[in-house]
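To start, the structure under review is shown below, and the notes come after it.
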Amino acid sequence: CIGIKTDESIKDALDYLKYEYRTTPQKLGVKQKKIMTLEVNCGEEADTPSYQYVFLLISKNKIIMAMKGVFFYLERVKS
């Protein structure tokens, strides 16, 4: 991946999910009013496909990753 750019911010969960994904925190199992988002953009070169990954940090052990309209739940497991 060439040209990685990141943007980290704290957002209102209801407003962000409603505006960006047309969903609600309840549908995703998000209980917090504020969520930390980490947006990762990759490939802004002219001959490189562009990708965007969005990570919603729910807790120190749980992340929701949004990619191309699909939500992936990532949860730390004890080994």
Side-chain angles (χ1 to χ4, degrees):
C1 179
I2 299 171
I4 296 174
K5 294 183 181 178
T6 62
D7 180 38
E8 183 180 309
S9 60
I10 305 273
K11 299 184 179 178
D12 180 85
L14 180 61
D15 291 342
Y16 179 76
L17 293 171
K18 183 178 177 181
Y19 178 76
E20 292 293 329
Y21 299 105
R22 296 187 175 118
T23 192
T24 63
Q26 293 81 10
K27 287 183 181 178
L28 296 178
V30 175
K31 296 177 183 173
Q32 300 89 323
K33 292 186 184 265
K34 300 281 184 184
I35 54 173
M36 179 181 285
T37 63
L38 175 63
E39 297 179 8
V40 180
N41 293 294
C42 178
E44 292 193 10
E45 302 297 321
D47 57 350
T48 307
S50 179
Y51 298 99
Q52 181 183 38
Y53 303 97
V54 178
F55 298 91
L56 310 173
L57 297 122
I58 306 305
S59 71
K60 70 177 188 173
N61 293 319
K62 188 174 184 180
I63 295 174
I64 298 174
M65 183 176 117
M67 184 175 63
K68 297 183 180 180
V70 178
F71 294 101
F72 298 90
Y73 291 78
L74 308 171
E75 191 165 353
R76 184 186 311 231
V77 295
K78 296 179 182 177
S79 55

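Checked against side chain to side chain donor-acceptor pair (under 3.5 Å), Arg22 has no partners two or more places apart in sequence or in another chain. Scored by the ring-ring contact (aromatic ring centres under 6.0 Å, His included) test, Tyr73 finds no partners at all (sequence neighbours excluded). Residues satisfying the side chain to side chain donor-acceptor pair (under 3.5 Å) test with Asn61, not counting sequence neighbours, are Arg76. Residues that satisfy the side chain to side chain donor-acceptor pair (under 3.5 Å) test with Ser59, not counting sequence neighbours, are absent from this structure. Not counting sequence neighbours, the partners of Lys11 by the salt bridge (Lys or Arg N to Asp or Glu O under 4.0 Å) test are Glu39. Phe72 pairs by the side-chain contact (heavy atoms from CB on, under 4.5 Å) definition with Met65, Met67, Val70, not counting sequence neighbours.
Taken together through direct or relayed side-chain contacts under 4.5 Å among Ile, Leu, Val, Met, Phe, Trp and Tyr, Leu56 and Ile10 form parts of separate hydrophobic clusters. Following chains of ILVMFWY side-chain contacts shorter than 4.5 Å, one can reach Phe71 starting from Ile35, so the two form part of one hydrophobic cluster. With hydrophobic clusters built from ILVMFWY side chains whose heavy atoms lie under 4.5 angstrom apart, Val54 does not share a cluster with Val40. Under the 4.5 Å side-chain contact rule for hydrophobic residues, Met36 and Leu14 do not share a cluster.
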Return all side-chain donor-acceptor pairs below 3.5 angstrom for residues 24-33, not counting sequence neighbours, or 'none' if the list is empty.
{"unit_1": "Thr24", "atom_1": "OG1", "unit_2": "Gln26", "atom_2": "OE1", "d": "3.4"}
{"unit_1": "Thr24", "atom_1": "OG1", "unit_2": "Lys27", "atom_2": "N", "d": "3.3"}
{"unit_1": "Gln32", "atom_1": "NE2", "unit_2": "Ile58", "atom_2": "O", "d": "2.4"}

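When all heavy atoms of Asp15 and Asp12 are compared, the closest pair comes out as N-OD2, 2.9 Å.
The CD1 atom of Ile63 lies 10.5 Å from the CD atom of Glu75; values are rounded to the nearest 0.5 Å. Note that the CG atom of Leu74 and the NZ atom of Lys62 stand 10.5 Å from one another [nearest 0.5 Å].
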